[in-house]
2 protein chains.
Amino acid sequence: MCISYTKYMAKVARKYKFAVIASDVVMLTVRDGKLEVLCIQMQKAPFIGKWAVPGGLVQPTESVDEAAHRILAEKAGIHGVYLEQLYTFGKVRRDPFGRVVSVAYFALVPSDALRLKTTKEYKDVQWFPVKKLPGLAYDHADIVATAVQRLQAKLGYTNIVYSLLPKTFTLSELQGMYETILGKTLDKRNFRKKVIGLKLVKPAGEQRKGQASRPAELYRFAATELKKVEIL
Amino acid sequence: MCISYTKYMAKVARKYKFAVIASDVVMLTVRDGKLEVLCIQMQKAPFIGKWAVPGGLVQPTESVDEAAHRILAEKAGIHGVYLEQLYTFGKVRRDPFGRVVSVAYFALVPSDALRLKTTKEYKDVQWFPVKKLPGLAYDHADIVATAVQRLQAKLGYTNIVYSLLPKTFTLSELQGMYETILGKTLDKRNFRKKVIGLKLVKPAGEQRKGQASRPAELYRFAATELKKVEIL
DNA sequence: GCAAAAGTGTTTAACATACACCCATGG
DNA sequence: CCATGGGTGTATGTTAAACACTTTTGC
């Protein structure tokens, strides 16, 4: 149904020469100390074998936001994660298929949800580190770059990092998130003073044991909705 | 030509039930100590007599950015001002005319360009203070509110204010811009220390005379492209 | 007992804030 | 000469940045 709709729209759009609206979703996660993006491998000319960010046409009965949620669910089986509109890419020739304007979104996926995800068998879906991306179809390299910039910026003035970590985490894990995404190291003592002083996190009252080192205190986020906080 | 295209598209869009792409441009200026928005008065049902922000359909041969520039030029006769993409509004029923997704932009117009503008005779075009807006058609009240928020935020971390002032200006005029847009007063001495210390402005070497008070030094912006600067 | 990561304070410099008076001009 | 807006400095508190050692555990 989705494929026939796509083909139908392509025909209509070519005939009437007008723009159709698509949505592309950049899904980001942090895994093994690397910031990664979910990509799918394309089957259609002229991009056979190329990778792209998941996307699809916006249907007549859904809002653009709803389309982004649907793509997230269909292409990655992920629900309830952080999703926000990123930017709208509207150059005339960005898609050889026809005039497609793409409203791009970015989603943040916690690494524990991600583990669930990779147990499913999508042979044409893969996480790539943003620093080792394959060549992407369309203008998707620009879209991914814009998403990474937005994430880096928001890390500094919001509590958005809550959407990348599991419910409880150690302060070292939290700091690692910042270091991975920003690509620089931070001072441990200053970082801890800051996140505790700003009440970004609170102790969960448990410890992470089982490692050959001193057990780490576990923390929770004080808020799990987006708030403005000057962290950096 | 533009009107017939619009009617044609309306027909096509209704027939094939799919979304067309429009762009709306929120033009902002500061005049007489008030932040104002340019609105046009509509002629078509169901919004006869209602005010709206200038907008129009994106043509097949132009990018969405180009459409925004065209709307700015057509509806307001303004060229070369600051223009950036704001947000894409994509709810299903936001336009009774059909499924229209709007890529909103915001433009900043210096008050001297604006004086030129208001000498022209547009009986259906008017500047309204954002605090005294008439009821707006569609979801344009949301769009304007989003634009104002974006402007307030960018004022704090960029030099964007350059796009609202003439080439030379006094520090009091500059401070007035900040106070008007942010809706709060600032300390004169601290403000001056800040903008000079950050090298946001440099002296123009002239003075503004002709007022019943001490002449004020005139300044210029050190840069007239958008830069990140922590001002507030 | 040793390797590995967790945890903890102090000093210094930079910046933000609060605050009040004199100056140059036009009328 | 007076009304108007322009221009200037200092003291205080707050925040950012730099920096090294002790603790607790598993093996």
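Numbers restart at 1 for each chain; the letters A, B, ... are given by sequence-line order, proteins then strands.
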Could you check, using the six-membered ring where one of them is a Trp, whether Phe191(B) and Tyr178(B) have ring centers closer than 6.0 angstrom? yes

Between the base of dT4(D) and the side chain of Lys209(B), is there a donor-acceptor distance below 3.5 Å? no

Send over the distance from [X] [atom1] to [N] [atom2], rounded to a whole Å.
X: Asn190(A); N: dA6(C); atom1: CG; atom2: C1'; value: 16 Å
X: Phe191(A); N: dA16(D); atom1: CZ; atom2: P; value: 14 Å
X: Arg208(A); N: dG7(C); atom1: CZ; atom2: C1'; value: 16 Å
X: Glu230(B); N: dA16(D); atom1: CD; atom2: P; value: 12 Å
X: Glu217(B); N: dA24(C); atom1: CD; atom2: P; value: 12 Å
X: Leu198(A); N: dT14(D); atom1: CG; atom2: P; value: 16 Å

Which of residues 168-186 of chain B sit near DNA chain D, with a heavy atom under 4.0 Å from it? Ser172(B)

For the side chain of [X], counting heavy atoms from C-beta on, which of [options] is nearest?
X: Arg192(B); options: dT8(D), dG7(C), dC19(D); answer: dT8(D)
X: Ala216(B); options: dA18(C), dT25(C), dG6(D); answer: dG6(D)
X: Lys193(B); options: dG26(D), dA18(C), dG9(C); answer: dA18(C)

Residue of the set Leu182(A), Thr180(A), Ile181(A) for which side chain to side chain contact (heavy atoms under 4.5 Å, CB included) holds with Lys184(A): Leu182(A)

Can you check side chain to side chain contact (heavy atoms under 4.5 Å, CB included) on Lys154(A) and Leu226(A), steps first, answer last? CA-CA 10 Å; Lys154(A) 283 203 116 149; Leu226(A) 195 66; 3.8 Å; yes

Gln211(B) vs Ile231(B), nearer the 5' end of DNA chain C by closest nucleotide: Ile231(B)

Does Arg189(A) place a side-chain N or O at less than 4.0 Å from the phosphate oxygens OP1/OP2 of dA18(D)? no

In terms of the nearest nucleotide of DNA chain D, which residue is placed more toward the 5' end: Gly210(A) or Asp187(B)? Asp187(B)

Given that Ser213(A) and Lys194(A) both sit by DNA chain D, which one's nearest nucleotide is further toward the 5' end? Lys194(A)

Could you go through the side chain to side chain contact (heavy atoms under 4.5 Å, CB included) check for Gln207(A) and Arg214(A) one step at a time? CA-CA 10 Å; Gln207(A) 295 188 326; Arg214(A) 177 170 172 176; over 6 Å; no

With the criterion being N/O to N/O and under 3.5 Å, what pairs connect the protein with nucleotides 21-23 of chain C, and how long is each?
from, atom 1, to, atom 2, distance (Å)
dC23(C), O4', Arg214(B), NH1, 3.3

For Ser63(B), does its backbone N or O pair with a side-chain atom of Glu66(B) as donor and acceptor, under 3.5 Å? yes

Show, in sequence, the C-alpha distance, side-chain angles and deciding distance for Asp139(A) and Lys91(A), and conclude whether the side chain to side chain contact (heavy atoms under 4.5 Å, CB included) test is met. CA-CA 9 Å; Asp139(A) 52 2; Lys91(A) 285 196 184 143; 5.8 Å; no

Would you call Glu217(B) and Arg208(B) a salt bridge, using N to O less than 4.0 angstrom? no

Begin from the C-alpha positions of Arg70(A) and Glu62(A) and carry the test salt bridge (Lys or Arg N to Asp or Glu O under 4.0 Å) through to its verdict. CA-CA 9 Å; Arg70(A) 179 176 52 76; Glu62(A) 67 186 357; 2.7 Å; yes

Find the distance between CG (Leu38(B)) and CH2 (Trp51(B)) and round it off to the nearest 0.5 Å. 9.0 Å

